[in-house]
Each structure stands twice: as structure tokens, then as C-alpha cells.
Number of protein chains: 2
Amino acid sequence: MATGRNHRPATSRSRGIPEATVARLPLYLRALTALSERSVPTVSSEELASAAGVNSAKLRKDFSYLGSYGTRGVGYDVEYLVYQISRELGLTQDWPVVIVGIGNLGAALANYGGFASRGFRVAALIDADPTLSGKPVAGIPVQHTDELEKIISDNGVSIGVIATPAGAAQQVCDRLVGAGVTSILNFAPTVLSVPEGVDVRKVDLSIELQILAFHEQRKAGEEPAGEPETDTAPPAAPPAVAVQKRTGSGPDGDVPAVMPA
Amino acid sequence: MATGRNHRPATSRSRGIPEATVARLPLYLRALTALSERSVPTVSSEELASAAGVNSAKLRKDFSYLGSYGTRGVGYDVEYLVYQISRELGLTQDWPVVIVGIGNLGAALANYGGFASRGFRVAALIDADPTLSGKPVAGIPVQHTDELEKIISDNGVSIGVIATPAGAAQQVCDRLVGAGVTSILNFAPTVLSVPEGVDVRKVDLSIELQILAFHEQRKAGEEPAGEPETDTAPPAAPPAVAVQKRTGSGPDGDVPAVMPA
DNA sequence: TTCTGTGAATTAATTCACAGCG
DNA sequence: CGCTGTGAATTAATTCACAGAA
């Protein structure tokens, strides 16, 4: 799961919408937008929940934190809900975003269609490789890292996307934060440390796969017998001395990001 | 947040490790691997927790579900823990994975270094575009979608990654599942419907950005006054008639995936 | 004395189930 | 009636705080 948030009572005070609810609002919004495009005027909590992949009780509870936007006996007005959720998420305003690290992944992100659609605008692409400077990716010329601070402040960017290799991520993060960015979406497989007040969310392919593998393994040992138990390498003495050094498939460690910047 | 799981009591029965704990094991593993490479023999819960970005009480509680692998007064043996967590996650075995949809994103995933490292092996790259067939990406020749079923069964693949546009995702998903895949990592911005027993986790850039925007918005209306209130477009009558049709920035809807397959 | 392991307490999230509005 | 909105109940996750092993 992508996670994030720095800390803070997990629920943003103020109007106090639970974090779990916030994380689902984009799902509802997507389902609603699809309905809107098909010109469907209203939906019931049941229908919308099913389209969003959640159950209706949860959806109704989620909406109850936003207000009473439905009509009993009828359902929700699609257009109206789209607006209310967009506003709640802050999508009625424009969010300039910079992407740092323009490799395969950075390029994929830059080309992402759904990006521009919901209030997000790619204000700049930044990469440390000088040979990339000036080259357009997704129609936007790549700029050199040296310009980072200027780009952030000139464009009033508050959201940054890090798609660099793991080794460069913290450094890039520090510069982004130093320049005024307060929200970061991190694709590099590293834990970023940021000052209080800065939000970080991470997306990590490797973690997702590992979670799937965990469940996959359970499935395998399910029908056959009771204990799946051993399979390959032998354990090792608990806190005895050191076990064999973990060598093998080349340099891995804090694995390089999805792609070189 | 990447989320997923089909349903099931959220905690996998059997040894009953909480889902939230499973989701953190990969983080601990990464931190431990880094320590292992620096030949650090032991770590305290405090140090490891800090490296993984969680608090120590949580880490200790998480480890308690796996067993008592630490030594009081000392800490945890790094190598031993690496092995135990790897085994728990099912990483001591090899997981062949197929990636469907080889565009920018698919290519970035194929090139992902940390992929091969932790028990995952890219068994095949699949794309519907015949002009890509045979072309190598990250050293692996792309195969045509027609071969999908054969590839899955020949390689005993149980984990599939979908990196196609949203429109093709459900169809690809159905074919993967039909061919025997039981775990899916979905990068397309769609809710996939799968039969009982199949796990789906999703990674969605747009959702992550929207969550960040929500918090970002709160920050903005924090210091100034009490109510951030309005900013752009006007609300609309609640369940009156329909509001203005949401036109604008080109065809968006169920936005196309991060990249064309 | 140090740092793990874990019951107990607390807080968050989900689900139930139904009162009551349209 | 149908379907929302929401208190109450339930379940999961986190945090506290400390007994006890090394």
C-alpha cells in the first residue's frame, strides 16, 4: 500500500475527515466522473460503491463526513457530488507539479494522461543528466537540476514527484523541501526524512509485489497440507554468530530506483 | 496507498499476521538488507524502526507476530532477521512474473533493478502491439498477447502486472486469471473485478496526488484565517436538476493508463 | 542495566442495523 | 417504500508501559 503522511493524529483536524476516507475519495471521484460522462444523473450508494469497489455502508459513512449530499429514497446527484468531492480534495484549484528524475519512469509519469485532467499540471521536468537538458519529454523540455530552486519558486510549486534512483532521492527531497515544496510523492525505494509539516507518500513496486507474494505463498500451502514449511535455503542459528553473508544476484541493497535519472 | 486484497477477514488466518504488519515487513526487510550490506551484525528495535520510518513499539509488536527473534538487552541479529522475514514473505522461493503492457511504464518496470533481486523474476513481457513483438526491452523480448495463456502456463506464473491503458485492463485481467494467475498488481486506473481467491493490489499515481492535494489544501488554509472556503468554480444546486456538464480538458473519464501499451 | 516481548489501554476503521426523510 | 444518514457495536491497528530475559 502506498502510505505516507508524516504523523499528526492521522485524521486531519479541522473538519476531521478520517484519513481512510480521504484515501477513498479519489476512487469515488473516478467512478462518478465515469458516470458523469455517460450522463447518468443520479446513483445510489449501492451502485456507486460497487463501481468504486467498496461496500455501500462504508461509502455512506465516508460521505457523511462531507455532509448530507444525497437524497433519501433517491441517491446522489452525480454532478453535484463530483463537485463536492473535487472541492474537498482541493481539485478545484490548479496544482503545478514538478517531476524530478526523467528516466523511463519519469517519462511515463510525464506522459500520464490522467495527470493534467484533475487539477494537476506538470510545471517542469528536472533531471541531473545535462545531456537531457532541453530535450522535450511529453512536450515539456527537461531542465537541469541546477535550476530546481528557481523552477519551484517561479512556478509556486508545492508538490514534487521524485522518480530518481534511490541514492539521489534524499538529496533531491532536501532541495525540494528547501525550495518550498511541502508534499512529495516518492517513487524511489528509500525512506525519506522530511521536516514536520511536509507530507510524503510513497509508491513502491517492490513492496507491492512482496505483499502479493506473502498472500500467494499462503494460498499455495492452503489446499494441500497444513504446514507449507521449508522450501529453499536453510535457516540459521538465532543470535549465534553471523550466518553466511547474503551474496548472490549482483548488487542489490537499497535497490536502484525503477529507472536511472 | 496502494491497496488491494479481495476481502477475507483482512488478517490472513493460519498464523494470523495482521495485514498492516505484512505491509510493513518489506520495509523492515529493505532496511535490514542495507544494514547487512554494511556488515552490521545487530540492530535494536529503535535503530531499525528509525531506518524503516516507523516507531519502535510498532516494529516490536510486528516482529512479535513472527516469533521471538530478538535478544533482550541486545537487539536483533541482522542476517537472521533478513532470513526470517524473507521466508515469511515467501521470498525464499522464485516468483516468475509477467508484465502486460509494455509502454513507458511497462518498460520502466521491466528495467526495475530491485525486481530481480528479491525472488521476483520477469518471466515475460507481453503487449498487444504486434510491432513490438520480438523487440527486446530490458533484454527480454516482448511477446504478443496471443501467447498470454501459453506463457502463463509454461512458466507457472502466478503473479501478473498490468500496465496497460485503463480500457484494456479488465480484459487482460480476465485472461490472466483464466490462465491461472492469482495475484495481480494493477497500474491501470480501473477497479478490476476478480473472482474470489484472487488478490489485486493497485498503484495509482492520480490517487496519490489527490491525497496529497487534500492535505496541501488544508495546510494553505491553516495559518491565514479559519475558513479557506471558495476558490474557483461555483457550487451548484444540491439535488435540483443537472449542473453544467463537466467538459473541459479533453477526453479524460476513466483516464488512460500511465502509458499506452 | 538495556532492550525485547507483550498484555492492557487507546484510538481508528469498519460494519451493522435501523430511524426517518422524500 | 427506498435509500440515505448515522448512532451503536465490532473489529483492527496503534501506542503505552512495564515485566523480565540476557
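Atoms considered below: every heavy atom in the structure, side chains included; atoms not considered: hydrogens, waters and symmetry mates. A note on names: the letters A, B, ... follow the listed sequences, proteins ahead of strands, and every chain is numbered from 1.
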Salt bridge present between A:R218 and B:E88 (N-O < 4.0 angstrom): yes

Measure the distance from [atom1] on [X] to [atom2] on [N] and round it to the nearest whole Å.
X	N	atom1	atom2	answer
B:D77	C:dC3	CG	P	16 Å
A:L25	C:dA13	CG	C1'	15 Å
A:D62	D:dT6	CG	C1'	13 Å
A:Y65	D:dG7	OH	C1'	11 Å
A:Q84	D:dG5	CD	P	12 Å
A:L59	C:dT14	CG	C1'	13 Å
A:E19	D:dT14	CD	P	13 Å
A:Y76	D:dC3	OH	P	12 Å

Side-chain donor-acceptor contact under 3.5 Å, A:Q210 with A:S206: yes

Distance-only side-chain donor-acceptor flag, A:S50 / A:E46, under 3.5 Å: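 Judged by distance alone, the side chains do not pair up.
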
Ring centre gap for B:Y69 and B:F63 strictly below 6.0 Å: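 For B:Y69 and B:F63, the ring centres are not under 6.0 Å apart.
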
side-chain contact (heavy atoms from CB on, under 4.5 Å) partner of A:I184, chosen from A:V177, A:D199, A:V161: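 The single option meeting the side-chain contact (heavy atoms from CB on, under 4.5 Å) with A:I184 is A:V177.
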
Under-4.0 Å side-chain N/O to phosphate OP1/OP2 contact, B:S44 with C:dC3: no

Protein-to-nucleotide contact annotation, 5' to 3' order, nucleotides 15-22 of chain D [B base; S sugar-phosphate only; - none; under 4.0 Å, heavy atom]: B-B-BBBS

5'-to-3' dot-bracket of DNA chain D (Watson-Crick, G-U; under 3.5 angstrom; crossing pairs as [ ]; | other strand): ||||||||||||||||||||||

Donor-acceptor contact present, side-chain B:T33 to main-chain B:L29, <3.5 Å: yes

Test side-chain contact (heavy atoms from CB on, under 4.5 Å) applied to B:A51 - qualifying residues, sequence neighbours left out: B:A31

Flag side-chain contact, heavy atom, 4.5 Å: A:I159 against A:V181: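 Heavy-atom side-chain distance check fails, nothing below 4.5 Å.
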
Distance-minimising heavy-atom pair for B:L105 and B:A163: CD2-CB, 4.1 Å

